[in-house]
Amino acid sequence: MRGFEFLRPGTLNEASALLATGDAAARPFAGGTGLMLMMKTGVFSPSRLVCLRQTEAEHRAITPTGDGGARIGALASLSQIEHDPLLCRLAPVIARTMTTLANVRVRNVARIGGTLAHGDPHMDMPPTLAALRASVVTSGTASRTVPVEALYAGYYETILQPGELISAVLLPDQTGWHSVYLKCTTRSADDWPALGVAVSVRMDGTTITDSRVIISAATEKLTRVAAAEAVLNGATAGLAAFTAAGEAARAVETIEDARGSAAYKTELVGVYVRRALQQATGAGGN
Amino acid sequence: MTEVRCDIAFTLNGAPVALNIGGHENIVDVLKRLGLSGARESCGQGLCGCCTVIIDGVAESGCLTLAQLVDGRSVQTIEGLDADGALSPVQQAFIDAGALQCGFCAPGFVLMSHQLLAANPDPSEAEIRDYLSGNLCRCATYPEIIKAVRLAASRMRAAQAA
Ligand SMILES: Cc1cc2nc3c(=O)[nH]c(=O)nc-3n(C[C@H](O)[C@H](O)[C@H](O)COP(=O)(O)OP(=O)(O)OC[C@H]3O[C@@H](n4cnc5c(N)ncnc54)[C@H](O)[C@@H]3O)c2cc1C
Ligand code: FES
Ligand code: FES
């Protein structure tokens, strides 16, 4: 992993300019935890790394938005997010998910922008944030707002263009919503999961008025399961609806790997979607 | 590929150091060159904590930290803990509780335990397990390590109250 330039521009716009060179081996560098692993194993040999940490003062704040949500700067570390009082109140599922995400040192260093841009389908934050209906705001060569569920093009692939940087994550108001993220690890507790399931359910009394069902790890990329949501929306919260949603979610295409066969993961999808819904709503037993 | 080199200057356990490094080197490589062997690279992947260093008060895996990123910052290693000749309360508790066998993992566990106790002076066993889940002990001294952290915590609280 020798012979790369390491540049430290002061703003995200300068960083974008340094990245929009047409060189696929030029990459932004945030926490560097994902990149360092890829560089050490020879999976990726950068020609140029453009460090974003100098822009931290401007881009790490976590602030309330006018409409009851929150804006998280892309350079906020995962530890900062885990302990942020506003986020803990707005979406406690985030801090709960953090406790089994890597370890304290990785969370101290990894940034939310790098976490979402990495594109590894086994990761915990992308499904959690997708279920919370979060979006990323980008700047640089393209400037747009993209729902987290639409950020991924494939395995380790995002729709971000060269020089397009994530500058913030927007979390909408969560009033009335209940969210849970579950991961199933089949080998050891700290291994990558065979399956991740994130669900969010909006309730009016015992009626489900809106929902999100997100599958990760078992699939090539994070996948929103509209068929399961269609079963839930308008239904009464309870075992029947949750079991039916789990059945509907089994339609996602799962991939075989060392953590289980595709058929096994499809079984897991049905069970874990039901369990996640039970836990999120407190209905239908557990 | 030609190596890119750079000059860095940082504070190491309270004293200023300056040196020329390879752009690809991590902080463990550089500490070794400076004669410090307490942070050691074992898994090299951020999993085991043997390479733990404290940078501007924050624990990081040295194996994943490019050395050039510590330019201008303050780095603490296990060697800084007893610089005044006295073991830190956590170091003493690790010895008293027998929380090391070969000792390879101990610098990382001790530094992480200091971080935990600074944030949470009276952690439960579950909190200790969670916080130290990114540290591996190949000799499996885990029960003694948890005892050591609790012992250090109670001694540190008693010292605080005195
Ligand atoms: C020991 C270990 C254990 C782990 N365990 C888990 C786990 O249990 N669960 C889990 O979910 N994850 C886990 N991870 C993965 C970890 O969460 C990621 O490595 C981390 O979140 C990446 O964030 P980063 O800031 O370090 O990204 P970097 O390594 O800096 O970057 C990652 C990617 O994003 C790009 N990038 C960075 N910032 C931006 C930006 N602002 N805009 C656009 N592109 C950007 C980079 O070019 C690169 O392609 C683990 C990692 C390690 C090392
Ligand atoms: S060597 Fe760095 S965490 Fe294991
Ligand atoms: S005491 Fe030997 S690795 Fe922990």
Side-chain angles (χ1 to χ4, degrees), chain A residues 1-8 25 27 29-54 56 60 75 77-80 82-83 95-111 114 118 185 188-192, chain B residues 1-6 8 21-29 39 41 43-73 108-109 111-116 119-120 126-136:
Chain A
M1 54 177 272
R2 283 159 201 256
F4 55 86
E5 286 183 284
F6 194 82
L7 307 175
R8 308 182 74 179
R27 282 293 179 86
F29 182 102
T33 62
L35 284 169
M36 286 292 282
L37 281 189
M38 296 178 105
M39 287 155 60
K40 287 182 122 180
T41 50
V43 173
F44 173 58
S45 298
S47 59
R48 167 182 285 186
L49 292 176
V50 179
C51 186
L52 306 180
R53 294 196 200 175
Q54 315 68 235
E56 230 167 51
R60 70 176 304 196
L75 274 294
S77 72
L78 298 186
S79 289
Q80 183 192 346
E82 176 180 2
H83 299 292
R96 275 202 303 272
T97 300
M98 290 293 185
T99 57
T100 57
L101 191 162
N103 56 50
V104 174
R105 290 181 311 280
V106 171
R107 298 200 295 274
N108 283 345
V109 174
R111 308 302 204 269
H118 199 39
T185 51
S188 67
D190 61 347
D191 187 23
W192 290 112
Chain B
M1 255 194 264
T2 45
E3 181 173 290
V4 180
R5 298 196 68 85
C6 58
I8 59 168
I21 60 161
H24 64 280
E25 285 185 287
N26 69 40
I27 186 65
V28 183
D29 300 330
E41 185 155 343
C43 73
Q45 305 178 37
L47 292 164
C48 76
C50 292
C51 63
T52 299
V53 290
I54 312 296
I55 302 179
D56 286 344
V58 176
E60 295 193 15
S61 284
C63 67
L64 297 182
T65 304
L66 281 178
Q68 50 181 311
L69 283 169
V70 310
D71 184 41
R73 302 171 73 191
F109 270 104
L111 285 171
M112 289 304 287
S113 301
H114 269 288
Q115 296 298 109
L116 166 63
N120 180 356
E127 286 168 332
I128 297 171
R129 284 172 177 271
D130 264 357
Y131 200 92
L132 298 181
S133 66
N135 289 69
L136 303 181

Please find the pair of heavy atoms, one from [X] and one from [Y], that lie closest to each other, and give the distance.
| X | Y | result |
| --- | --- | --- |
| A/M36 | B/L64 | CG-O, 3.4 Å |
| A/K40 | B/N26 | NZ-ND2, 3.9 Å |
| A/F4 | B/V4 | O-CG2, 3.4 Å |

Query raised in the report: Just wondering, are more than 12 heavy atoms of other shown residues or ligands nearer than 6.0 Å to CZ in B/R129?
Result: no

Query raised in the report: Which one of B/S61, B/S133, B/G44, B/G46 has the most heavy-atom pairs closer than 4.5 Å to chain A?
Result: B/S61

Query raised in the report: salt bridge (Lys or Arg N to Asp or Glu O under 4.0 Å) with A/R48: which residues, sequence neighbours excluded?
Result: A/E5

In Å and rounded to the nearest 0.5 Å, what is the [atom1] to [atom2] distance from [X] to [Y]?
| X | Y | atom1 | atom2 | result |
| --- | --- | --- | --- | --- |
| B/M112 | A/N103 | CE | CG | 7.0 Å |
| B/L47 | A/L37 | CG | CG | 8.0 Å |
| B/L136 | A/D190 | CG | CG | 7.0 Å |
| B/E60 | A/T33 | CD | OG1 | 10.5 Å |

Check whether any side-chain heavy atom of [X] lies under 4.5 Å from a side-chain heavy atom of [Y], and answer yes or no.
| X | Y | result |
| --- | --- | --- |
| B/L69 | A/C51 | yes |
| B/Q115 | A/V104 | no |
| B/H24 | A/M39 | no |

**Report entry** Interchain contact, B/L116 with chain A, by part (heavy-atom threshold 4.5 Å)
**Finding:** neither

**Report entry** Toward chain A, the part of B/C6 with a non-hydrogen atom under 4.5 Å
**Finding:** neither

Query - Per-residue contact mode, A/R53 against chain B (heavy atom under 4.5 angstrom) - result: side chain

Query - Audit row: B/N135, A/R105, side chain to side chain contact (heavy atoms under 4.5 Å, CB included) steps and yes/no - result: CA-CA 10 Å; B/N135 289 69; A/R105 290 181 311 280; 3.1 Å; yes

Query raised in the report: Of all residues at least two apart in sequence or in a different chain, which pass the ring pair (Phe, Tyr, Trp, His ring centres under 6.0 Å) check with A/F6?
Result: A/F29

